[in-house]
**Q** 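One structure follows; several queries about it will come next.
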Amino acid sequence: MVKSRVEGSQVLRNVLVFTLRHWAEHKVLVFVVAAAMMLATVTELVVPVYAGRLVDALAQGREFADVALDAFLVMAGLGLTMVVLRHLAWWSIVPLTLGMMRKVSQGAFHRVQRFSTDWHNNSFAGSIVRKITRGMWALDMINDVLLLALLPSLVVLVGTVLLLGQRWPVMGVVMALGSIAYVVLTVALATRLIAPASRLSNAQDTRIGGVLADALGGNAVVKSFGAEAREDARLSRVVDKWSRRTHRTWMLHTWSGTGQLALLWFVRSAITATALWLWWQGRATPGEITYVLTTYFVVHGYLRDIGQHVHHLQRSVNEMEEMVQLHAEPMGVADSPGAQPLSIHAGEVKFDHVTFCYAGQQTPLYRDLNVRIAPGERIGLVGHSGSGKTTFVKLIQRLYDVTEGRVLIDGQDVVHATQESLRSQIAIVQQEPILFHRSLAENISYARPEATMEDIERAARLANAHDFIVRLPRGYQTLVGERGVKLSGGERQRVALARAFLANAPILILDEATSSLDSESEALIQQAMDRLMSGRTSIVIAHRLSTVRAMDRILVFEHGRIVEEGSHEALLRRPHGHYKRLFERQSGGATPQLAREAG
């Protein structure tokens, strides 16, 4: 429990510092809102003074009609001033809050996109979306609570204690003690009782978003196994846990509210009793008693609302916590200070004494790895799963940083290049291409957004994709569905190849694109791949060894080491080679015949 309280205090500080930092970017608007609300609140403090004078004037007869009229006019003027000032505050907080919401949501998205591959592999997309959107709207609440609610409440409490204390010190003491007791109770309940429960319910709310996104994103698999009821049950378990935690949080809110109302009743009784005692002592007129009671009713309203405002503040802090953490999360792989755009002309790739170890692992995957890929050379990477093929290309893209050594492209260390310039000059076709739920034209032009429709169609023709695209009802404007689910596997691959053609990058990475396709699609894609590799430094991750026969050189990986390298024919001639053993396993032992065919 103590640890939870310490964490809660730290979270509150983090969120408030985060909010104040963004306020500093909108100083003028924050000042206008704060000043307008404080002045509007001061008018409410002064109105009871003139209400008391009005009552005293009325009690003394018609000869004091002028005094009563003056008091009325001042009260009316103060009321109108309050309306204008409050309108100014609300008018100003709209652009302030919208500007901050826009900035923090875009900032969170900016950071999330640049987090490491491992971070994304370990995160639910639906949960991340929930964290950002919930935090964005919590910022709206925290602005309202701090500037439009708690700030005026503070002005009312301090102003009332000073005004009453100046006239009747005992009344000022009673008001001060009652207000302090109420505020302390409210803050203690919110931060030490409700906040820990709210954090648990918010965490489960995030979990619901992740479960929903996971099931909906894999709906095709759910349907193929008739597992709808199973997914319903899975969600039901998560929702039940959320419901229990949320019920506890809401009940704590209920009991907290009751306790605050009871304390307000006690404060009201104490103020009324003190006012009657002053009147009984002849130290206060009926008008002054009216002033005291009217002032208390103003304070009572603010005190009652303070409880709600503190709860809203704590709730918004809890809901912003996860988004603030996103802003504080280290980037994983960040541009080096002074990083410059990379310029690739020839396309030479070199691993210079590279040692690489994944985070959390003790044994390096690569140890002192040295590889040179000549400009325009076509390289095949083969080996068992986990042997280091995929990591090899990820280091070229700088999705990870090497532990020791350097990865060089045209003699330039990728660590000193901006990641955007590096990756924009490396075209990638993945084994499972990912398409956006956008039009085919937008998906192809993602490699080069400024491309014309003529450029897009030319790339599609080179990728053997144009013919199937024009047969679709809306052609290049056809929406492909989430992750391209409206297209077949072969069609998605050809769209990905068209995207790579349009990128026209000097370095090409192909993650076996034909391993799960029918023979016709495979032939079309293989033909397009041969065109795409022409004149480029090409690296092909091969799952089926038949696809690397035509490579200039094949690198055979085993536990992070290159155990063999050479052409297809040369590797097959090694009596007990790793490559030959892999090839025999895939070809059913017909190595001699296949070797002759390869020749």
Side-chain angles (χ1 to χ4, degrees), residues 7-8 10-34 92-148 198-199 202-203 205-207 209-210 213 312-339 341 398-401 417-424 436-438 446 449:
E7 290 177 350
Q10 184 61 47
V11 168
L12 178 61
R13 283 195 296 271
N14 291 343
V15 171
L16 291 180
V17 168
F18 179 84
T19 303
L20 292 173
R21 189 167 65 244
H22 283 82
W23 277 4
E25 299 174 3
H26 304 83
K27 295 184 182 69
V28 174
L29 284 174
V30 172
F31 174 78
V32 170
V33 173
S92 300
I93 206 168
V94 170
L96 169 65
T97 300
L98 287 177
M100 292 175 65
M101 291 171 69
R102 182 173 63 247
K103 181 81 178 287
V104 299
S105 59
Q106 290 175 339
F109 181 66
H110 174 91
R111 293 189 65 83
V112 166
Q113 285 199 109
R114 288 157 179 79
F115 286 161
S116 68
T117 302
D118 282 346
W119 188 92
H120 281 279
N121 290 341
N122 292 312
S123 301
F124 272 126
S127 295
I128 301 306
V129 170
R130 189 79 180 99
K131 288 177 182 179
I132 294 175
T133 55
R134 189 173 61 206
M136 179 181 71
W137 284 107
L139 184 62
D140 173 37
M141 182 183 293
I142 205 170
N143 271 358
D144 287 354
V145 169
L146 291 177
L147 293 174
L148 302 181
S198 295
R199 294 179 71 193
N202 282 338
D205 177 73
T206 299
R207 174 66 179 162
H312 289 158
L313 175 63
Q314 188 61 59
R315 179 181 174 185
S316 60
V317 166
N318 291 137
E319 293 184 345
M320 281 183 66
E321 174 187 358
E322 292 176 315
M323 187 182 70
V324 172
Q325 288 175 347
L326 289 178
H327 280 268
E329 187 85 22
M331 296 293 280
V333 178
D335 281 345
S336 303
R398 205 187 162 216
L399 295 176
Y400 300 105
D401 275 329
T418 60
Q419 294 177 71
E420 181 180 357
S421 68
L422 168 65
R423 294 170 191 160
S424 66
F436 298 99
H437 184 30
R438 303 170 192 175
Y446 201 80

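Just so you know, these numbers come straight off a predicted model, no measurement behind them. Side-chain atoms are counted along with the backbone in the values below, which use heavy atoms only and exclude waters and symmetry mates.
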**Q** Measure the spacing between CH2 of Trp137 and CE of Met323 and express it to the nearest 0.5 Å.
**A** 12.5 Å

**Q** Sequence neighbours excluded, which residues qualify as side-chain hydrogen bond (donor to acceptor under 3.5 Å, both in side chains) partners of Ser421?
**A**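 For Ser421 the side-chain hydrogen bond (donor to acceptor under 3.5 Å, both in side chains) partners, ignoring immediate neighbours, are Thr418.
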
**Q** With a 4.5 Å heavy-atom cut-off, do Ser316 and Val145 have their side chains touching?
**A**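 No - every pair of side-chain heavy atoms lies 4.5 Å or more apart.
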
**Q** Evaluate the side chain to side chain contact (heavy atoms under 4.5 Å, CB included) criterion for residues Thr19 and Asn143: first the C-alpha distance (whole Å), next the side-chain angles of each, then the deciding distance (0.1 Å), finally the verdict.
**A** CA-CA 8 Å; Thr19 303; Asn143 271 358; 4.2 Å; yes

**Q** Does Trp23 reach the side chain of Leu146, with side-chain heavy atoms less than 4.5 Å apart?
**A**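 In contact.
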
**Q** Determine whether a donor-acceptor pair (N or O, by modelled atom type, separation under 3.5 Å) exists between the side chain of Thr97 and the backbone of Val94.
**A** no

**Q** Surrounding CD of Glu25 (heavy atoms of other residues, nucleotides or ligands, distance under 6.0 Å), is the total greater than 12?
**A**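 Result for CD/Glu25: enclosed.
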
**Q** Evaluate the side-chain proximity of His22 to Leu139: yes if any heavy-atom separation is below 4.5 Å, no if none is.
**A**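 In short, these two side chains do not touch, never coming nearer than 4.5 Å.
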
**Q** So which atom in Ile93 and which in Val33 form the shortest heavy-atom distance, rounded to 0.1 Å?
**A**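 Between these two residues, the closest heavy atoms are N-CG2, 3.7 Å.
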
**Q** So which heavy atom on Val32 is nearest to which on Ser92, and how close?
**A**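 Between these two residues, the closest heavy atoms are CG1-OG, 3.2 Å.
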
**Q** The criterion is side chain to side chain contact (heavy atoms under 4.5 Å, CB included); which residues satisfy it with Tyr446, sequence neighbours excluded?
**A**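 Testing Tyr446 for side chain to side chain contact (heavy atoms under 4.5 Å, CB included), a comparison that skips the adjacent residues, returns Phe436, Arg438, Arg499.
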
**Q** So, using side chain to side chain contact (heavy atoms under 4.5 Å, CB included) as the criterion, who are the partners of Asp401 when residues are at least two apart?
**A**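 Testing Asp401 for side chain to side chain contact (heavy atoms under 4.5 Å, CB included), a comparison that skips the adjacent residues, returns Val333, Arg398, Val415.
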
**Q** For residues Arg423 and Gln419, is any side-chain donor paired with an opposing acceptor at under 3.5 Å?
**A**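 Side chains of Arg423 and Gln419: pair found under 3.5 Å.
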
**Q** Below 4.5 Å, heavy atoms only, C-beta onward: do Val324 and Val104 meet side chain to side chain?
**A**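 No. Closest side-chain heavy atoms not under 4.5 Å.
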
**Q** Restricting to non-hydrogen atoms, name the atom on Ala138 and the atom on Met320 that form the minimum distance, rounded to 0.1 Å.
**A** CB-CG, 3.4 Å

